[in-house]
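This chain uses plain numbering: 1 for the first residue, then up along the sequence. Side chains are part of it too, since the values below use all heavy atoms of this structure and drop only hydrogens, waters and symmetry mates. Order of appearance sets the numbers: ligands from 1, and atoms from 1 within every ligand.
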Amino acid sequence: MEDQKKVMLSGIQPSGELTLGSYLGAIRNWAERADQFDCYYFMADMHTITVRQNPAELRRRTVSQLAAYIACGLDPEKNTLFIQSHVPAHAQLGWVLNCYTMYGELTRMTQFKAKSAQHAENINAGLFDYPVLMAADILIYQPDYVPVGDDQKQHVELCRDIAERFNGIYGPVFKVPEPYIPKVGARIMSLSSPEDKMSKSDHDPNGCVYLLEDPAVMAKKFKRAVTDSETSVRFDPVNKPGISNLMQIYACATGRTYDEIEKEFDGMGYGAFKTAVGDATIEMCRPIREETERLLKDKAYLEQVYTAGAEKASYIANKTLRKVYKKVGFVPR
Ligand code: TYM
């Protein structure tokens, strides 16, 4: 039975604390599907160094992210949880795939354009090549689905193109995966500039809500959220991006539809609505924060989880890598 399960895979960069966006756009979806799929989730530490990091902080965030994954409902007995740099086959396949990816394709990646504008002093080759490593992360586990937020869709599409190109030359080596994007929560916007995506690299600390943040700080951010000059709670992302974003968050936190939310807050004004969204988010995050804090006290357990995860992941990854090496003509060792 186990062998027939579909495979799901995804990762998050430990480049900052986990955000409400990463949770609603990605992790929540992962946890909901853990029983149906054979799942691989990792901390994308190799991607993180495309931007300069403080080494001690990167180590701390990587382990803290693992604790948060488990606290979000990813049972290490049912999901393979690991650290990307512990499985060298990702980088090895990445090199091969570099030779099947076009320069022009990489120049079209919107995240590369945005990040090179943000880090103009350090537009390194890794930043440019990042989507190829991501394609290797994915293809090496032969997944059916890649659950990500809307902003990663372009990278998954490039991954599909690379897989199809490679398969076109050598036969069916890679499964061509589908992005798996939630209907609600795929693009959570900044609370302070709702035209922009909520992001861990947001310059305004009030724009980004962190999953493990103190509830009082979270409440304050929601109270200060930028809205518009009307008073009606109505879903209209073009004309009312702030309110629509808060509705999206509230819908995720409570399971209510936009119609239900409009009725619930009819005639109540923005103040009450913002407080309700803040309260619902705090309650959604509370058990995750408490469980993460508890898990972080047990470093030996976390180490055991990522060690076992790397072993299982390496086994599958090396199988794909051997096949690829053979196809391209490398002499087996
Ligand atoms: P990253 O670390 O930027 O984001 C992690 C996940 O969270 C989603 N996300 C959001 N979803 C909704 N609203 C937002 N504001 C928001 N911000 C982030 C992202 O879409 C993503 O799913 N390149 C990836 C990491 C990665 C990866 C992979 C993912 C590396 N290798 C292989 C899947 C498969 C990244 O930087 O995500």
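Using a cut-off of 4.0 Å between Lys/Arg side-chain N and Asp/Glu carboxylate O, Lys175 and Asp144 are scored as salt-bridged. With respect to Arg160 and Glu157, no salt bridge is recorded, no charged nitrogen being found less than 4.0 Å from a carboxylate O. For Glu178 and Lys6, the salt-bridge test fails: no basic side-chain N is under 4.0 Å from an acidic carboxylate O.
Side-chain contact between Phe174 and Ile140 is absent, with no heavy atoms from C-beta onward closer than 4.5 Å. In this structure, the side chains of Asn29 and Glu32 come closer than 4.5 Å at one or more pairs of heavy atoms.
Sorted by chain then number, the residues whose non-hydrogen atoms approach ligand 1 to under 4.0 Å are Leu9, Ser10, Gly11, Ile12, Gln13, Gly21, Ser22, Gly25, Ala26, Phe42, Ala44, His47, Tyr130, Met134, Asp137, Ile138, Val146, Val148, Gly149, Asp151, Gln152, Gly185, Ala186, Arg187, Ile188, Lys197, Met198, Lys200.
Glu311 CD: 12 or fewer foreign heavy atoms inside a 6.0 Å radius.
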